[in-house]
Amino acid sequence: MTQEMTYFSIDMTPYEDREKYEPMRMKSWPRDDEAWDRIQKLKPTLDSLTVDVIGGALQWAIDEGEAVVERMSRSSIIREQHDYRASINTLDCDNVTTVSWSATADPIRDTYPIEEIREGDVYIYNDVHGSCATIGHLPDYCVVIPIFGEGRLLGFSQVFGHVTDVGGAVPGSWPIQSKSIYEEGTICPVIKLYDAGKLNEDARRIILRNSRFPGELQGDLDAFIACTRLMERRVLELVDQYGADTLEAAFYAIMDRCAEDARDHALPNIPDGTYVGEDFIEEDGVSERPIKIKYTIHKDKDRLVIDASGTGATAEGPVNWAMDGRHYIKWLGAFLAGEAGQDLLVNEGMSRVMQMMIPPDTVLSARHPAPVVDRMECMLVMIGAYNAAMAKAHKGKVIANSFNIQLYGIWGHDEDGNEYLYREIFGAGSGARPWADGTDTVDLVPHSKNLPAEFIEQRYPVLVERVGLLPDSGGPGQYRGGLGYLKDVRCLADGYLSITAYRTVFGPYGVNGGKAGTPGVCYINPGTPEEEKLVYRKQMIPVKKGDVVRITTPGGGGWGDPLKRDPEAVRLDVNRGLVSVESAMADYGVVLVETDDPRFPYTLDAEATVSRRMEIQSNRPPLKLIDRGPAFNKLVESGQITVSDYHDLAFDENGNQVG
C-alpha cells in the first residue's frame, strides 16, 4: 500500500487552475515501504494514552536537545538568545513534534537515495535555494541525522540555528543591501559531515574557513550534532519500549491529532466567509518602496485557504522569503491554533486543514539567486496580513499588531586588535488585546533573553549605560499597546553600526479604534548637537570611541477607543513613567494635576477629564478598524500605496460598525 499525501486532499474548488500557483510542497516522498501497511493497520488500534505518552516523550526529547544547544554553543545569538529550533521528522520528512519553523529533512531525501542514508551519518547544509524550501537564510545552518531502529530508517532528528557569521559581504553575514544570495555568505549544499560515523575533515575546514568567527561556528555546530544525537537516543529508547511499528504509528497518530484538533476546536471559532488582510514591508534595503503582502482567506467548516495573490513581486533587496506554502502554513498555524482556546500542538497535521496558494515570483516565493538574508520582515508582515484579515472575521476582536524582532550590531576591533561583533536581537511591545494591555518588550523568539549588561561588557568594547522601556511607545487604546525597548550603549572603540530594524516609519497597527504604536528608530549621540537619527535598515555606519548608540524598538498597537480607557489606568501609567502627561491629555483625554507627593506625582481631575473627552470626541474622525499611523496614511492619501481596509470602521460591543 502506497502512502497518499494529504496536503492536496482538501477540496480546492476556487483553485482549479493550480498552474497559477507554486506547489504547496516543493517535493514529497510518499511511503511505499513494506512497513507502511503494518503501520497503517496498527495506527487505529493505538489507545490515546499510548499516543499521549509517546508524544510527550518526543516533546521532552526536543526540550532536552535544545538544552544541550544552550549549554554547548559558543555564539551569543544561539546560547543567550535561543535562535534555534529542533524537531523530529518521519521517514517521509514530516514534522511530528512542535514545528521548527522551517528546516526539515526534505533535502536529505532529495539529495541521497534512501539506500545511501546510513547509521552514523550527520548531514549539514544552509543552501536556501537548494534545500526544498526548508531554509530561510544562509546564517541558519541545519544539522540532520537519520534514526535507525529494528534494522530500518524510522525518521530524522534535526536542529537549525542562526550562527554568528558564514562569510559574505559584511561581518555577521547580514548584508542588508545585497542583490544576490552570493553576497550573503558561504552556501553549503547538503553534504555528509560524517559518513557512517567518519568525519569529513576537509568539509569542516572549508565551512570554518569561510567564517570570520570560526571558533564560535565550530562550537555551535558541535552543539547541534550533540542535540540531534541526544534526540536519536531518546527515540531509540521508545523503540526499545514500544517497538518500531508502534512508534511510527504513533508518529502519524500525533499528526492526525493536530489536524483533528484544529478542525474541531479552532476552525469553528472563525466565521465562514472570505476575508482580505494586508500588511507592508517598509522597504527592501535597496529601494525605499513599501512592499505589500496580501492574503485573501477563504474559510469554511473544513478548511482555511490563504491566497497570496496581490503580494508584491520578488524584491531587489534581501527581504525575500524562499520557502513554500507547506512551511508558511506551519508558521501561521500557530495563530490558527490560538483560536482553539486550548493547547494545540502544531505539526505537519496543520497542513491538512490549512492551505496556502502563492503565485510565482513574489516576495514569498523568491527563487534562485534572489537575496533572502533579511527575510525576517516577511515573517512578521505575514502575521500582520493574517491578523488584519482575522480582524474583519472577528469584527475587531483580535490582538493588535506587533513587530517583536529588531536586530542591531556593532563590529570592529578592540584595543588589542581582536575582531568582535556585538549583536543583539531585541523584542518590542506586543499588541494590545481586546481584554488587556499588550506586554512590554516581548521577543518573538521563544525563550529568548535580553543580553545582560555584564555579559556584553565582558565580551565587547562597549558600555551599557541604560536599559528600560520607551515611554509613549505603546499605541493608545482602551487597552494600551506594550512598550518597546530603550537601550543606550557607549562605544569604547571605533567601529561600525549595522541596523536591521523594522517599523521605523510605519507603527504596528492598532485595531478597532486603537492607535498605531510608535515606530522604533536608532540614534547616534542622542540629545547632542551631533545627534543622528537612523531609519530603515542601515549597514556599516561608522561610530567612534565615546559615541552613544541609542536603540529603540516599536510599541505594540492599541486596541479599542482610547477615550474608553479607565482614567485611573492612565494616571497610573503616567505615575509609572510609561505614558507622558502630554499623551494622557492628547490621546486619552485625561487631565492630570501635579501633587507634592513624589511617590504619586499626578492625580486625576475627573471633571476636566469628562470635558476634555467630550471635546476630543466631537472633533475627531471616525475610528478605524485598522489604524496604521500617520506616516502610512500620508502614503495612502498621496496614492503611493493602496490598502483595502483604509476606510473600514471600528466595531462596537454589539458587533456593529460605528462612525
Side-chain angles (χ1 to χ4, degrees), residues 387 391 394-402 428-442 469-484 507-519 554-595 600-630 648-659:
N387 197 54
H394 290 298
K395 297 187 175 181
K397 293 183 179 179
V398 299
I399 298 172
N401 191 227
S402 310
S430 69
R433 295 158 285 186
W435 64 90
D437 292 347
T439 305
D440 303 325
T441 59
V442 175
L469 302 176
L470 180 62
D472 285 339
S473 55
Q478 181 178 351
Y479 298 106
R480 175 181 48 75
L483 272 60
Y509 61 73
V511 171
N512 208 40
K515 303 301 181 182
T518 298
W559 189 93
D561 185 351
L563 299 185
K564 291 184 178 180
R565 185 165 177 81
D566 183 350
E568 283 296 325
V570 177
R571 182 187 68 84
L572 180 61
D573 280 349
V574 172
N575 283 335
R576 294 168 63 200
L578 307 180
V579 172
S580 67
V581 175
E582 294 76 15
S583 176
M585 172 78 81
D587 296 317
Y588 295 99
V590 172
V591 181
L592 299 174
V593 179
E594 289 190 60
T595 73
F600 306 103
Y602 294 96
T603 188
L604 177 69
D605 185 333
E607 185 174 339
T609 294
V610 171
S611 298
R612 174 63 179 157
R613 286 186 161 183
M614 290 176 64
E615 177 188 1
I616 292 174
Q617 190 167 22
S618 63
N619 291 302
R620 71 183 181 185
L623 297 177
K624 292 185 175 183
L625 176 63
I626 305 289
D627 189 323
R628 303 174 190 269
D648 288 1
L649 301 178
F651 290 88
D652 63 20
E653 58 273 13
N654 298 315
N656 300 312
Q657 287 192 303
V658 297

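When a residue number appears, it is its place in the shown sequence, counting from 1. Only a predicted model underlies this, so the values are computations on that prediction, with no experimental measurement involved.
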K.L.:
Given Thr595 and Thr603, is the side-chain contact (heavy atoms from CB on, under 4.5 Å) satisfied, shown in steps?
P.N.:
CA-CA 7 Å; Thr595 73; Thr603 188; 3.8 Å; yes
K.L.:
For Tyr602 and Val581: C-alpha separation, side-chain torsions, deciding distance, then whether side-chain contact (heavy atoms from CB on, under 4.5 Å) applies.
P.N.:
CA-CA 9 Å; Tyr602 294 96; Val581 175; 3.3 Å; yes
K.L.:
Considering all heavy atoms of both residues, which atom of Ala586 and which atom of Ile616 are nearest to each other, and what is their separation?
P.N.:
O-CD1, 3.8 Å
K.L.:
Any chance you could measure Asp472, atom CG, to Leu483, atom CG, to the nearest 0.5 Å?
P.N.:
8.0 Å
K.L.:
Can you confirm whether Asp605 sits close enough to Leu592 that some side-chain heavy atom of one is under 4.5 Å from a side-chain heavy atom of the other?
P.N.:
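No, every pair of side-chain atoms sits at 4.5 Å or beyond.
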K.L.:
Which heavy atom in Gly513 sits nearest to a heavy atom in Leu623, and how many Å separate them?
P.N.:
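Heavy-atom minimum between the residues: CA-CB, 3.9 Å.
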K.L.:
Quick one: CG on Asp440 to CG on Leu469, what's the gap to the nearest 0.5 Å?
P.N.:
5.0 Å
K.L.:
Please determine whether a side-chain nitrogen of the Lys or Arg among Lys515 and Asp561 lies less than 4.0 Å from a carboxylate oxygen of the Asp or Glu.
P.N.:
no
K.L.:
Which residues pass the side chain to side chain contact (heavy atoms under 4.5 Å, CB included) test with Asn387, sequence neighbours left out?
P.N.:
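Result, side chain to side chain contact (heavy atoms under 4.5 Å, CB included) vs Asn387: Val398, Tyr509.
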K.L.:
Please round to the nearest 0.5 Å and tell me the distance separating atom CG of Asp437 and atom CG of Asp573.
P.N.:
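Nearest 0.5 Å value for the CG-CG distance: 6.5 Å.
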K.L.:
Taking the side chain from Ser473 and the backbone from Gly556, do they hold a donor-acceptor pair closer than 3.5 Å?
P.N.:
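Not at all, since once roles are kept as given, no pair shorter than 3.5 Å links the two residues.
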K.L.:
Is there a side-chain contact between Pro471 and Ser580 (heavy atoms, below 4.5 Å)?
P.N.:
no
K.L.:
What are the two closest non-hydrogen atoms of Gly558 and Ala400, and how far apart are they?
P.N.:
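For Gly558 versus Ala400, the nearest heavy atoms are O-CB, 3.5 Å.
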K.L.:
State which residue, out of Asp587, Val579, Leu563, fulfils the side-chain contact (heavy atoms from CB on, under 4.5 Å) condition with Pro476.
P.N.:
Asp587
K.L.:
Can you tell me how far the CD atom of Glu653 sits from the NZ atom of Lys564, to the nearest 0.5 Å?
P.N.:
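Glu653 CD to Lys564 NZ: 5.0 Å, rounded to 0.5 Å.
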K.L.:
I need the minimum non-hydrogen distance between Arg480 and Arg565, along with the two atoms involved.
P.N.:
N-NH1, 3.4 Å
K.L.:
Would you say that Asp648 contacts Ile626 through its side chain, given a criterion of any heavy-atom pair below 4.5 Å between the two side chains?
P.N.:
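Heavy-atom side-chain distance check fails, nothing below 4.5 Å.
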K.L.:
Could you tell me which residues satisfy salt bridge (charged side-chain N to carboxylate O under 4.0 Å, His left out) with Arg613, sequence neighbours excluded, listed by chain and number?
P.N.:
none
K.L.:
Looking at Glu568, is its backbone amide N or carbonyl O close enough to the side chain of Asp566 to form a donor-acceptor pair, meaning the two atoms are under 3.5 Å apart?
P.N.:
yes
K.L.:
Taking all non-hydrogen atoms of both residues into account, name the closest pair between Ile399 and Gly431 and its distance.
P.N.:
CG2-O, 3.5 Å
K.L.:
Find out whether Lys624 and Leu649 are in side-chain contact, i.e. whether some heavy atom of one side chain is under 4.5 Å from a heavy atom of the other.
P.N.:
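They are not in contact (no side-chain heavy atoms under 4.5 Å apart), so the answer is no.
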K.L.:
Calculate, to the nearest 0.5 Å, the distance between atoms CG and CG belonging to Asn512 and Asp627 respectively.
P.N.:
11.5 Å
K.L.:
Within the structure provided, determine whether Lys397 and Val511 are in side-chain contact (heavy-atom separation under 4.5 Å).
P.N.:
no
K.L.:
Are Ser402 and Ser430 close enough that some pair of their side-chain heavy atoms sits under 4.5 Å apart?
P.N.:
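A side-chain contact exists here, since the closest heavy-atom pair is under 4.5 Å.
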K.L.:
Within a strict 4.5 Å, meaning less than it, do heavy atoms of the Val590 and Arg571 side chains meet?
P.N.:
no
K.L.:
Does a side-chain heavy-atom distance below 4.5 Å link Tyr479 with Pro434?
P.N.:
no
K.L.:
Check Pro554 against Ala428 and note the closest heavy-atom contact, atom names and distance.
P.N.:
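So the minimum-distance heavy-atom pair works out to O-CB, 3.2 Å.
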